[in-house]
Q: 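I have a structure I would like to understand better, so I am pasting it below and will then ask my questions one at a time.
Heavy-atom basis, side chains included; hydrogens, waters and symmetry copies ignored. Owing to the predicted nature of the structure, the values given are computational and were not obtained by experimental measurement.
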Amino acid sequence: MKKLLTALLALGISFGVSAETWKFASEEDKKDVQDIFAQTFADTIKKESDGDIRVKIYYYGQLGTENDIVELTAKGTVQFVSVGTGHLGSYVPEVQAISVPYVMGTDTDVVRKVLTGSKTIYNDLADRFENVNLKLLTMISEGEMVWGANKAIRSPEDFAGQKIRTFTSTIPVETYKTFGATPTPLSWGEVYGSLQLKTVDGMVNPIYFIYNAKWHEVQDYLMFPGQQPYVGTVSTNSEWFNGLSAEKQEMVRKAIAAAEQAAHEYQLKINQENMDKIMAERPDIKVVTLTPEERSRFKELSTSLHETYYDVVENAYDDADKASAREGAKKILQNLIQEVKDAS
């Protein structure tokens, strides 16, 4: 009996000191920007909790698609999720304001200032996340979105007949329709084979990701249109977070700040390094930077997407809420545009 009690006591002590585990699901893979964010977040939580809390990171495909991991977080199966704004539209339609082209611009300092400190994002837009049991923690830029194709694209006419891989939300799809292309929404794991087989002609992503995914192997041209950055969002399950102690909530905020800094520094470094690697591996690849005049045509076309954005948000709500939802969307987009101007 004494031995049994001793064994049970030992088990009890063992269970009592076992580390608490938080799950963090990313849409990206190891060594991508969101991985650096997640790893830094995990390391900071471990340090701040004296090892009592560990963060388990799940990479692309381990828990399903981009949409799947958002749903798992909203339901509380996963505590944290990082995913691009282009994959959040079906959950938080208002977030697609970030995806409207030529709103954020591509000035690194301006983009970071707005993504981390915008009153519009962290008040008005964050409230919409709460409606689906998500709490927006931060947004990060992963670098300028670059077009890939097998021909030079300098005008909307050049997009004619081009099937371009886009994200799954409405605004990215409508953007490339407006620009003259045929948008083809695909999860990123399907893209290489589709480009190789020419079932799609091109894609759009930051340079670092294009290299990591090896898409430069199956594209002949890369275009820098000055359109927008790829924006990643980091969210937690709202109900779960609100149930944490004040100490743990502060721990999360501290870890988020450290992870944002690490991800920012990494994306600057890895985008340049991977551009150099692309040119070394594919010296025949053509790099095109659109002139201000060429960009102005796409920028002018993109203004029609403001109304598209309002329509998307309005249609996501019941009849009784449509009018207020549209007004809310207008406020978010116009205030965001103003904040970018003020930060420039």
Side-chain angles (χ1 to χ4, degrees), residues 26-40 57 59-61 82 84 86 104-109 111-112 140-155 158-159 162-167 176 181 184 186-232 259 261-292 294-295 298:
S26 170
E27 68 172 341
E28 295 182 352
D29 214 337
K30 292 181 179 180
K31 297 186 179 180
D32 288 337
V33 173
Q34 289 180 29
D35 176 40
I36 301 307
F37 186 104
Q39 293 286 356
T40 305
I57 301 167
Y59 296 101
Y60 173 80
S82 62
M104 294 299 300
T106 54
D107 183 290
T108 301
D109 293 334
V111 168
R112 188 185 185 200
I140 55 173
S141 168
E142 300 187 36
E144 179 178 349
M145 296 281 272
V146 176
W147 300 336
N150 292 318
K151 58 179 282 190
I153 296 176
R154 292 182 174 274
S155 70
D158 292 331
F159 263 130
Q162 293 289 296
K163 290 173 285 188
I164 303 298
R165 178 266 177 167
T166 64
F167 307 113
Y176 290 94
T184 306
L186 292 173
S187 183
W188 81 258
E190 304 174 77
V191 178
Y192 187 97
S194 298
L195 291 170
Q196 189 175 41
L197 295 171
K198 300 190 184 304
T199 53
V200 297
D201 301 299
M203 51 74 198
V204 53
N205 255 97
I207 282 294
Y208 92 87
F209 194 90
I210 291 171
Y211 179 79
N212 286 356
K214 303 304 179 187
W215 295 346
H216 65 289
E217 296 176 350
V218 284
Q219 298 277 256
D220 295 331
Y221 287 80
L222 295 173
M223 273 67 60
F224 287 77
Q227 178 178 321
Q228 63 201 113
Y230 184 89
V231 177
Q261 179 68 35
H264 171 70
E265 293 172 359
Y266 183 73
Q267 71 91 0
L268 293 176
K269 173 176 172 284
I270 198 67
N271 275 301
Q272 184 58 59
E273 287 181 355
N274 282 7
M275 188 69 217
D276 293 341
K277 289 177 182 178
I278 287 173
M279 297 310 298
E281 292 180 17
R282 287 288 312 279
D284 58 329
I285 203 166
K286 305 295 191 301
V287 178
V288 176
T289 300
L290 271 63
T291 66
E294 289 168 339
R295 293 181 183 191
F298 290 104

Q: Show the numbers, then the answer: is there a side-chain contact (heavy atoms from CB on, under 4.5 Å) between Ile140 and His264?
A: CA-CA 7 Å; Ile140 55 173; His264 171 70; over 6 Å; no
Q: Could you report the tightest heavy-atom contact between Gln39 and Tyr59, atom names first, then the distance?
A: NE2-OH, 2.9 Å
Q: Between Glu27 and Gly84, is there a donor-acceptor pair closer than 3.5 Å when you use the side chain of the first and the backbone of the second?
A: yes
Q: Counting N and O atoms only, with roles assigned by atom type, does the side chain of Ser26 sit under 3.5 Å from a partner on the main chain of Ser82, one being a donor and the other an acceptor?
A: no
Q: Please report the interatomic distance NZ(Lys163) to CG(Asp201), rounded to the nearest 0.5 Å.
A: 5.5 Å
Q: Using every non-hydrogen atom in the two residues, find where Ser187 and Val191 come nearest and quote the distance to one decimal.
A: O-CG2, 3.7 Å
Q: I'd like to know if the side chain of Lys151 reaches the main chain of Asp158, judged simply by a donor and an acceptor atom lying under 3.5 Å from each other, with no hydrogens or angles considered.
A: yes
Q: Would you please test Glu28 and Asp35 for side-chain contact (heavy atoms from CB on, under 4.5 Å) and show each step?
A: CA-CA 7 Å; Glu28 295 182 352; Asp35 176 40; over 6 Å; no
Q: Run the side-chain hydrogen bond (donor to acceptor under 3.5 Å, both in side chains) test against Glu273 and tell me which residues pass, sequence neighbours left out.
A: Lys269
Q: Looking at every heavy atom in both Phe224 and Met275, which two are closest together, and how far apart are they?
A: CZ-SD, 4.1 Å
Q: Partners of Glu294 by salt bridge (Lys or Arg N to Asp or Glu O under 4.0 Å), sequence neighbours excluded?
A: Arg154
Q: Checking side chain to side chain contact (heavy atoms under 4.5 Å, CB included) against Leu222, which of Val288, Thr289, Ile278 comes through?
A: Ile278
Q: Do Gln219 side-chain atoms and Asn150 backbone N/O form a donor-acceptor pair below 3.5 Å?
A: no
Q: Are the aromatic rings of Tyr221 and Trp147 close, with centres under 6.0 Å apart?
A: no
Q: Give me the atom names and distance for the closest heavy-atom approach of Val111 to Ser141.
A: CG1-CB, 3.8 Å
Q: Sequence neighbours excluded, which residues qualify as side-chain hydrogen bond (donor to acceptor under 3.5 Å, both in side chains) partners of Arg295?
A: none
Q: Which atoms form the tightest heavy-atom contact between Pro229 and Met104, and what is the distance?
A: CD-CB, 3.8 Å
Q: Could you report the tightest heavy-atom contact between Ala181 and Ile164, atom names first, then the distance?
A: CB-CG1, 3.7 Å
Q: Do Gln267 and Ile36 come close enough that some side-chain heavy atom pair is under 4.5 Å?
A: no
Q: In chain order, what residues pass the side-chain hydrogen bond (donor to acceptor under 3.5 Å, both in side chains) check against Asp276, with sequence neighbours excluded?
A: Gln272
Q: Between the side chains of Asn212 and Asp32, does any donor sit under 3.5 Å from an acceptor?
A: yes
Q: Indicate yes or no: at least one non-hydrogen side-chain atom of Thr40 is less than 4.5 angstrom from one of Tyr266.
A: no
Q: Within a radius of less than 6.0 Å around NZ of Lys31, do more than 12 heavy atoms belonging to other residues, nucleotides or ligands occur?
A: no
Q: Report the residues that fulfil ring pair (Phe, Tyr, Trp, His ring centres under 6.0 Å) with Tyr208, sequence neighbours left out, ordered by chain and then residue number.
A: none
Q: Phe209 and ring-ring contact (aromatic ring centres under 6.0 Å, His included): which single residue from Tyr230, Trp215, Tyr60 fits?
A: Trp215
Q: Side-chain contact, heavy-atom cut-off 4.5 Å: Pro225 with Met145?
A: no
Q: Supply the atom-to-atom distance Ile207 CD1 to Asn274 CG, rounded to the nearest 0.5 angstrom.
A: 8.5 Å
Q: Could you walk me through whether Glu217 and Tyr192 pass side-chain contact (heavy atoms from CB on, under 4.5 Å), step by step?
A: CA-CA 9 Å; Glu217 296 176 350; Tyr192 187 97; 2.8 Å; yes
Q: Once rounded to the nearest 0.5 Å, what's the spacing between atom CG of Leu195 and atom NZ of Lys214?
A: 14.5 Å
Q: Listed by chain and number, what are the side-chain hydrogen bond (donor to acceptor under 3.5 Å, both in side chains) partners of Asp284, not counting sequence neighbours?
A: Arg282
Q: Nearest 0.5 angstrom please: Lys286 NZ to Asp220 CG, how far?
A: 7.5 Å
Q: List the steps and the verdict of side-chain contact (heavy atoms from CB on, under 4.5 Å) for Glu142 and Gln34.
A: CA-CA 8 Å; Glu142 300 187 36; Gln34 289 180 29; 2.9 Å; yes
Q: Check whether the side chains of Tyr211 and Glu281 place a donor and an acceptor atom closer than 3.5 Å, and report yes or no.
A: yes
